[in-house]
Number of protein chains: 2
Amino acid sequence: MSNTESGTLSAAFNRGKVMSRDCPSRAILKHVTSQWGVLVLVALMEDTHRFSALRRKIGGVSEKMLAQTLQQLEQDGFVHRVSYPVVPPHVEYSLTPLGKDIGRRVADLADWIELNLPTIIKARQSLA
Amino acid sequence: MSNTESGTLSAAFNRGKVMSRDCPSRAILKHVTSQWGVLVLVALMEDTHRFSALRRKIGGVSEKMLAQTLQQLEQDGFVHRVSYPVVPPHVEYSLTPLGKDIGRRVADLADWIELNLPTIIKARQSLA
DNA sequence: GTAAGTACACACAAAAAGGTAAGTTTAATG
DNA sequence: CATTAAACTTACCTTTTTGTGTGTACTTAC
């Protein structure tokens, strides 16, 4: 039996087969749900930040990872980067409308986990 | 089973500072937002699945990764595992209420990405 | 009798992610 | 004059993650 996927005639333009190995969504998903990607989005949901401010805010990020993460999110159109060519470099990062849209969902997820952390921890212990 | 949430009294007050290096939320976040964790949650939002059904549905997962992911999600209290001790092993995986709650958010995220994929791809190209 | 299907575990290897330290540029500070 | 600070980049190395292949116990199908 074949898969019980959408089954519509518009197979050539399938609107989302995350389940298939080569769906482009997977790449975006990886950027957004990456360890540092999540935290960058959460941080930028609050406010615009400079590179070093983000670094201080997100405990544990290395400069390398923060830079890499920001570049990915910028390429995907979620993060807006503004560079002021001044003497000590000054760069500001903020979310694009698209970034705010997805950032809301990511932050929602993170918030939910924080809120339900006690419950989750209890669930874990009862299975230990 | 004496348990203070995070252990020490000083840490007992922070009810989830994802931004701090040692916040327990980070571990849960990693399980949930892991490459396969996301897809397992999305799949199980639709219906209960057997191990091999999940494997077939989620393109690209290896048995090892699927097993590992399911165990993590089970430990966190998101996935319910029912094993029927029959001749060819039969195990069913489903979401707990907690799992459905978080699964909804994860699926929402995945859906959003699928829906906005064209926009994202355009954004990417305009920066290339 | 042999192959296939089921739900894994285990060992080994390859790949990817991540960390560390150093370098860059130029102005202000001490 | 040396240091600091910004926002990175690059090289190098360690850690983590992921894949591959094998085995198990048993039954049904061919």
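Note on naming: letters A, B, ... go to the chains in the order of the sequence lines (proteins, then strands), and numbering restarts at 1 for each one.
- Taking the six-membered ring where tryptophan is involved, the planes of A/F78 and B/W112 are tilted, since the angle between them lies from 30° to 60°.
- Rounded to whole Å, atom C1' of D/dA7 lies 8 Å from atom CZ of A/R81.
- From A/L117, atom CG reaches atom OG of B/S25 across 4.5 Å, with rounding to the nearest 0.5 Å.
- Residue-level contact check: B/Y84 touches neither bases nor backbone, having no heavy atom under 4.0 Å from any strand.
- Ring geometry for A/H90 against A/Y84 counts as perpendicular: the plane angle is over 60°, on a 0 to 90° scale with 30° as the lower cut.
- The main-chain N or O of B/V61 is found under 3.5 Å from a side-chain atom of B/R55 such that the two form a donor-acceptor pair.
- Across B/P89 and B/R50, no two heavy atoms sit closer than the pair O-NH2, 3.1 Å.
- Counting to the nearest Å, the P atom of C/dG18 and the CG atom of A/L70 are 14 Å from each other.
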> Can you give one letter per nucleotide of nucleotides 10-30 of chain D, going 5' to 3': B for a protein heavy atom under 4.0 Å from the base, S for sugar-phosphate only, - for none?
Replying inline: -------SBBB-----SS---
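- Residue-level contact check: A/Q71 touches the backbone only, with heavy atoms under 4.0 Å from sugar-phosphate atoms and none from bases.
- Relative to the side chain of A/R56, the nucleotides D/dA6, C/dA7, D/dA7 differ in distance, and D/dA6 lies closest.
- Here the side chain of B/R26 pairs a donor or acceptor atom with the backbone of B/V18 at under 3.5 angstrom.
- When the side-chain nitrogen and oxygen atoms of B/R50 are compared with OP1 and OP2 of C/dT6, none of them lie within a distance under 4.0 Å.
- Taking 4.0 angstrom as the limit, A/R55 places none of its side-chain polar atoms (N or O) nearer than this to OP1 or OP2 of D/dA5.
- The separation between B/E74 atom CD and C/dA7 atom C1' is 13 Å, rounded to whole Å.
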